[in-house]
Amino acid sequence: MSGLLFGAIADDFTGATDLADQLVGGGMRTVQLIGMSDPVIPADVDAVVIALKTRTAAAADAVRQSLAALDLLERAGTKQILFKYCSTFDSTAAGNIGPVGDALAERLAQTVTVFCPAYPANKRSIYNGYLFVGDVLLSESGMRDHPLTPMRDANLVRVLAAQSRRSVARIGLETVRRGAAALAEALAAPREPVHMIVDATEDADLYALGEALDGTRLITGGAGVVIGLPSVYRRHGWLDAATNAVAEPVRGGRGAVLAGSASQATRAQVAHFRAAGAPTFTIETEHLADPPGAIAAALAWTAERDGDAVLVSATAEPEIVQTNQDRYGIADAGERVERILAGVAVGLVAAGVRRLVVAGGETSGAVVSALGAARVRIGPRIDVGVPWTIVDGTPKIGLALKSGNFGAPDFFTRALAMTE
């Protein structure tokens with residue numbers, strides 16, 4: 001088959017890595033591009049994931065960047081394209097899932113576009129159009145108080161309709177469970193432009209959806225939506241029957257953890273790492289007043305602990321996050337944290353650190369951009385949705401880019417231990 005098999009436009013860096021991990025797990029040789037600074041797609045890959053930082057950008061800017069990424073994928077002759085967003089559907093009140101989805105569907109002249117953030121492996125499911133995190137509605141989960149994208153409505157039809165120019169409907173689980181043919185029939189029925197929320201509570205539902213989407217140019221969803229695609233590609237003869245697509249990780253040398261997320265999962269991981277005896281430098285409220293000074297202080301502190309795996313953490317309880325936001329504003333408080341942790345990352349790499357675990361989507365984006373990485377290969381999985389990645393270039397740097405909500409409490413310890 002000529003052209004690239006699969007391409008994705010992801011609205012943040014950790015989400016892009018999560019998706020790439022799923023593709024590699026399906027035997028697809030995958031590279032992740034970091035933004036569009038060096039838009040070169042290697043010839044030896046089946047799939048490319050373009051990691052943008054558009055989740056909390058102004059809607060017009062998110063659309064512009066996403067359409068530029070689409071142009072690159074179209075020039076590469078990409079067979080199937082995914083707009084990838086978080087499995088918790090998080091966005092601001094003004095977007096950006098709706099505006100970007102509208103723009104991509106219009107550019108590709110697609111009438112019916114699937115929206116399915118379900119990810120059963122990470123306990124994200126959709127039933128009757130409502131998104132659940134584990135056993136609770138999204139609006140009752142920790143995402144309710146996310147500092148940048150609080151999600152207080154679990155009804156995805158309602159959330160998307162408020163952002164989109166197109167009508168929004170849904171396909172219920174009863175149709176999904178009748179199989180791929182019934183799903184394909186339901187998706188082919190509308191004659192007017194519509195975005196379709198599709199229920200899914202088990203991996204089998206996503207495999208059926210993958211079959212139903214055979215030949216569909218544009219899909220939107222979380223990382224889970226792709227699990228059924230490799231088998232479709234193999235049936236067409238587009239993908240080898242068995243391919244080890246996992247890249248060798250960076251091993252040995254000093255490691256460090258940078259935590260910027262305030263999510264429940266990351267707070268538990270920080271607590272576990274500290275309890276295990278990891279030296280920890282905490283970014284306090286007063287550090288946000290002077291980011292360059294905070295960077296210098298953190299790097300001086302890490303230099304005194306040469307050889308230790310250290311943690312530099314801005315992760316805080318919700319009341320502290322609220323205090324910082326009240327003082328600086330929501331966007332500025334987050335940007336100050338990102339600036340500090342990105343500066344620390346650059347200093348650590350200059351000092352010889354070659355393995356970095358980074359917690360938080362916005363933090364990961366800031367760190368990767370500051371390091372000047374243009375693309376990464378996908379290494380072994382640490383937890384569902386979080387692999388080690390390897391920066392293409394010299395020196396080789398191992399990055400574990402973790403969404404704030406992902407990973408078990410011992411994630412930091414295991415990530416570093418598996419690459420010693």
Side-chain angles (χ1 to χ4, degrees), residues 6 8-11 15-16 18-19 22-23 26 49 55 80-91 96-98 100-102 104-105 108 110-133 137-138 143 151 153-161 163-164 166-180 182-190 193-232 384-385:
F6 178 89
I9 303 163
D11 69 355
D18 180 9
L19 172 63
Q22 293 295 324
L23 296 169
V49 180
R55 181 169 300 170
Q80 197 162 44
I81 294 166
L82 172 71
F83 166 38
K84 196 275 174 196
Y85 39 78
C86 187
S87 60
T88 50
F89 213 68
D90 48 313
S91 57
N96 292 326
I97 294 174
V100 172
D102 289 351
L104 296 176
L108 294 173
Q110 185 159 297
T111 303
V112 180
T113 304
V114 161
F115 284 70
C116 186
Y119 196 176
N122 260 327
K123 301 181 179 179
R124 314 295 200 256
S125 58
I126 306 170
Y127 180 67
N128 282 341
Y130 285 84
L131 181 56
F132 289 80
V133 177
L137 287 165
L138 172 67
M143 285 302 299
M151 297 302 295
D153 189 352
N155 186 312
L156 299 189
V157 174
R158 194 159 51 219
V159 172
L160 185 58
Q163 299 180 8
S164 175
R166 294 191 167 197
S167 64
V168 181
R170 71 175 185 88
I171 295 177
L173 197 61
E174 65 280 2
T175 301
V176 176
R177 293 289 165 83
R178 292 205 300 270
L183 255 172
E185 182 178 356
L187 290 169
V194 61
H195 293 325
M196 199 73 77
I197 302 292
V198 179
D199 282 0
T201 65
E202 300 175 358
D203 281 354
D205 302 328
L206 296 177
Y207 279 102
L209 181 58
E211 292 281 343
L213 291 169
D214 187 10
T216 300
R217 189 77 190 285
L218 174 68
I219 310 166
T220 89
V225 78
V226 304
I227 65 172
L229 300 183
S231 60
V232 174
V384 174

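Since the model is a prediction, treat every value here as computed from it, not as a measurement. Side chains are part of it too, since the values below use all heavy atoms of this structure and drop only hydrogens, waters and symmetry mates.
Between N96 and R55, every side-chain heavy-atom pair lies at or beyond the 4.5 Å cut-off. No side-chain heavy atom of R166 sits less than 4.5 Å from a side-chain heavy atom of V194. Between V49 and K84 the shortest side-chain heavy-atom distance does not fall below 4.5 Å. For the pair L213 and L187, the minimum side-chain heavy-atom distance is below 4.5 Å.
The two atoms that bring Q80 and T216 nearest to each other are NE2-O, 2.8 Å, heavy atoms only. Nearest heavy-atom pair, D11 versus C86, reported as atom, atom and distance to 0.1 Å: OD1-N, 4.3 Å. Here the closest heavy-atom approach between residue D199 and residue R170 is recorded as OD2-NH1, 3.7 Å. Considering all non-hydrogen atoms of both residues, T88 and L138 come closest at O-CD2, 3.5 Å. A pairwise comparison of heavy atoms in A180 and A212 identifies O-CB, 3.6 Å as the closest pair.
The CD1 atom of I9 sits 11.5 Å away from the CG atom of L19 when rounded to the nearest 0.5 Å. Note that the CG atom of L137 and the OH atom of Y130 stand 8.0 Å from one another [nearest 0.5 Å]. The distance from atom CG of L131 to atom CG of L156, rounded to the nearest 0.5 Å, is 5.0 Å. The line from OH of Y127 to CG of L173 is 7.0 Å long, rounded to the nearest 0.5 Å. Atom CG of L218 and atom CG of L82 lie 8.0 Å apart (nearest 0.5 Å). Rounded to the nearest 0.5 angstrom, L160 CG and I197 CD1 are separated by 5.0 Å.
Tested against D205 for a side-chain contact (heavy atoms from CB on, under 4.5 Å), the candidates I126, L183, V176 yield a single pass: V176.
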Validation: residues 222-232 side-chain donor-acceptor distances under 3.5 Å, sequence neighbours left out:
| residue | atom | partner | partner atom | Å |
| --- | --- | --- | --- | --- |
| S231 | OG | G228 | O | 3.0 |

What pairs of donor and acceptor atoms, side-chain ones from residues 114-124 against any protein atom, are under 3.5 angstrom apart with sequence neighbours left out?
| residue | atom | partner | partner atom | Å |
| --- | --- | --- | --- | --- |
| Y119 | OH | D18 | OD1 | 2.8 |
| Y119 | OH | Q22 | NE2 | 2.8 |
| R124 | NE | S87 | OG | 3.3 |
| R124 | NH1 | N122 | O | 2.7 |

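With Q163 contributing its side chain and S91 its backbone, the two residues share no donor-acceptor pair below 3.5 Å. The backbone N or O of N155 lies less than 3.5 Å from a partner atom in the side chain of D153, making a donor-acceptor pair.
Under the side chain to side chain donor-acceptor pair (under 3.5 Å) criterion, S125 pairs with no residue at all, not counting sequence neighbours.
Inspection of the D102 and S164 side chains reveals an N or O donor paired with an N or O acceptor under 3.5 Å.
Here the two rings, on F83 and Y85, have centers that are under 6.0 Å apart.
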